[in-house]
Each structure stands twice: as C-alpha cells, then as structure tokens.
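What follows is one structure encoded as structure tokens, with my remarks underneath.
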Amino acid sequence: MSTQNKPSIVFCHGIWADGSCFNKVIPTLQEEGHEVIAAQYGLDTLEGDVATVRRTLGRVSSPAILVGHSYGGTVITAAGTDDRVAGLVYIAALAPDAGETSQSQLNQFPVTDVFSHIEIADGRVWMLPEGVEYFAGDLSEQEQKVVWATHFAPDADLFNQKLDGTAWRSKPSWYIVATSDRTVQPELERFVAKRMNAATYEVDSSHVPMLSNPNLVLDVIRTAAEAVRGRSATA
C-alpha cells in the first residue's frame, strides 16, 4: 500500500489504562506509513470519551480504523458510526448492542478474577496492586509493575452508561479473543465476536494482547487496513 492510501489508525484504551498501552504496536504502524494517534480520554463519562474519539479523528486523515481494547470496544462501538471510520478492530473488548451497557454485557457471564482486587474510592474504581496479575499476568514482573503504576481509574458509574449507535452492525470488524483473559471472560469475547460477524483471531494471552502478543495484534490491524483499502479502491 502506498502511504497516501493507507488508512489512519486511532487507538482507544480501556479502563485502568491510557494510550500508552499501545506503545508496542504504534511505532511499527508509523514506520509502515500509517497516521497513528491514541485517543486520550478521561474515563469520566461514555459520552465524553466518545466525543474525544471523534475530535481525535479530526487530527488524522480519513478513512480511519478504530482499534478498541476492553472498554475501548464500547467506545468504538459508539464512535465508529462516524462517517470517517471505515473499520473496527476489537482487542479483548466489550461491544454492546442497542439497549446494552458495558456492565449489562459483563453481567451475562461469570465475574472474572480481577474484580476481587479492586477498591472504589473517591468515586473511582482502582485496581489494587495484586490485581495486575489478573489483568496482565503474562507480562514480566517489571512490566506488570509499570502497568499498575500507569493504571487510570474510571468513574464508578462509567459501565452503566450507554449511547445510541452500534457501529459493528454496519462497519467491517475484526476481533482478537484473549483465551487466558481473567478480566473479560473469553466466552464473552467469543460471543460478541460471533454476534458482530467479525473476522476472529484467538491468542493465548492475558487481557492485554497488545503488550504480550504485539505481533499478532499488528497482523490483525494490517489485515483490517488491507481490507479497508480494498473497499475504498472499489467504492
């Protein structure tokens, strides 16, 4: 693909994270000629986070691919209805349908281990230090400590909020299932991937494949980019 024909990549992080969680895949995509940016939102309201993504889309060329991790899947499901978005990549992510919230989707499956290691304080949901094992347990001890040190606590009501718009019903989607996930149930991931008719990839990973298996994540994003470019060329 020539650089000018390559879609932009916009990353959308989950809770207990920020845009730096994609730092193992961003440099390669930049080297390969993509415009890349990570949306940095506050995890205060779903509406506010989606608005930030839409503003971020304005900083790169169109068309763009949205890549959402975890709660970022909820964000791209709403923000992806934007005309500038040509495809969606979900990484161990939520993907609510109309009438669903992040929490109601989680409630359809058994509670995962990480939620036994959280604390609600000052209206935010904090991950306790020992919780990182259930979030990013296949990383080195040093990397796990960095993940915890940079984790960002969401508003306690964030997962109960919803917005209109379900982008995966009209946009092509790709989904990475993390089969050893202890934060989002792998069966939830398989369920939403099947429901959205996504091209689905499974990897033996914790909740953070972009950190533990960055090459697989890169390959999926490349596949999405090729498909989006092909559709643009024939449009």
Side-chain angles (χ1 to χ4, degrees), residues 8-23 26 36-60 64-82 84-85 88-108 111-112 114-129 131-132 134-136 146-168 181 183-184 188-189 192 207-208 210-211:
S8 301
I9 312 295
V10 177
F11 286 101
C12 300
H13 62 83
I15 69 168
W16 302 325
D18 65 10
S20 68
C21 70
F22 301 106
N23 62 13
I26 287 174
V36 184
I37 193 167
Q40 298 278 39
Y41 38 78
L43 302 175
D44 295 313
T45 66
L46 177 58
E47 182 179 16
D49 294 345
V50 169
T52 297
V53 173
R54 289 184 170 138
R55 286 194 296 270
T56 304
L57 284 166
R59 309 313 305 162
V60 292
I65 293 172
L66 293 184
V67 181
H69 172 244
S70 194
Y71 159 77
T74 298
V75 175
I76 71 171
T77 294
T81 58
D82 191 288
R84 293 168 290 186
V85 176
L88 310 164
V89 176
Y90 291 82
I91 305 173
L94 304 175
D97 202 351
E100 294 180 339
T101 64
S102 299
Q103 192 60 52
S104 71
Q105 192 162 81
L106 287 171
N107 289 346
Q108 296 176 52
V111 177
T112 53
V114 76
F115 290 102
S116 297
H117 304 276
I118 63 173
E119 179 180 354
I120 299 176
D122 300 317
R124 316 294 289 198
V125 183
W126 300 89
M127 179 168 54
L128 297 173
V132 74
Y134 308 100
F135 187 76
V146 171
V147 167
W148 185 82
T150 56
H151 93 280
F152 190 50
D155 184 88
D157 187 53
L158 184 65
F159 274 23
N160 293 315
Q161 300 168 20
K162 63 181 179 180
L163 286 178
D164 292 334
T166 309
W168 50 259
D181 201 332
T183 297
V184 173
L188 185 161
E189 298 173 19
V192 296
H207 188 53
V208 290
M210 63 282 190
L211 292 172

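For clarity, every value in this text was computed on a predicted model and none was experimentally measured.
If you look at Tyr41 and His13, their ring centroids are closer than 6.0 Å.
Residue Trp16 holds its CH2 atom at 13.5 Å from OG1 of Thr150, rounded to the nearest 0.5 Å. Between Thr183 atom OG1 and Phe115 atom CZ the span is 7.0 Å, to the nearest 0.5 Å. Remark: Leu106 CG to Leu188 CG distance equals 6.0 Å, nearest 0.5 Å. Rounding to the nearest 0.5 Å places CZ of Phe22 at 7.0 Å from SG of Cys12. Separating the CG atom in Asp49 from the CD1 atom in Ile15 is a distance of 11.5 Å, to the nearest 0.5 Å. Once rounded to the nearest 0.5 Å, the distance linking NE2 of His207 with OH of Tyr134 reads 16.0 Å.
Counted by atom type alone, Thr52 and Arg55 present one or more donor-acceptor pairs between their side chains at under 3.5 Å.
None of Ser102, Pro96, Ser104 except one satisfies the side-chain contact (heavy atoms from CB on, under 4.5 Å) rule with Phe159; the exception is Ser102. Val89 pairs with exactly one of Ile76, Val67, Ile9, Leu66 by the side-chain contact (heavy atoms from CB on, under 4.5 Å) rule, that one being Val67.
When atom types are taken as modelled, the side chain of Asn23 and the backbone of Ser20 share a donor-acceptor pair closer than 3.5 angstrom. Looking at Trp168, its side chain never comes within 3.5 Å of a backbone N or O of Leu88 through a donor-acceptor pair. For the pair Gln105 (side chain) and Ala95 (backbone), a donor-acceptor distance under 3.5 Å is present. The closest donor-acceptor contact from the side chain of Asp97 to the backbone of Glu100 lies at 3.5 Å or more, if one exists at all.
With a 6.0 Å radius and a threshold of 12 heavy atoms from other residues, nucleotides or ligands, Glu47 has its CD atom at or below the threshold.
Closest non-hydrogen pair, Pro154 versus Leu158, comes out as CB-CD2, 3.8 Å. When all heavy atoms of Ala39 and Thr56 are compared, the pair lying nearest together is CB-OG1, 3.8 Å. Heavy atoms only, all atoms of each residue included: Ile120 and Ala156 are closest at CG2-CB, 4.3 Å. The two residues Asp181 and Ala92 make their nearest non-hydrogen contact at OD2-CB, 3.6 Å. Met127 and Val114 make their closest contact through SD-CG2, 4.3 Å (heavy atoms, listed as atom of the first residue, atom of the second, distance). Considering all non-hydrogen atoms of both residues, Ala136 and Val208 come closest at CB-CG2, 3.6 Å.
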> Can you check side-chain contact (heavy atoms from CB on, under 4.5 Å) on Thr81 and Arg54, steps first, answer last?
Replying inline: CA-CA 10 Å; Thr81 58; Arg54 289 184 170 138; 3.3 Å; yes
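Side-chain contact between Leu43 and Phe152 is present, with at least one heavy-atom pair separated by less than 4.5 Å. Using a 4.5 Å heavy-atom cutoff, the side chains of Ser70 and Val184 are in contact.
At a threshold of 4.0 Å, the pair Arg124-Asp44 counts as salt-bridged, since one of the basic side-chain nitrogens sits closer than that to a carboxylate oxygen.
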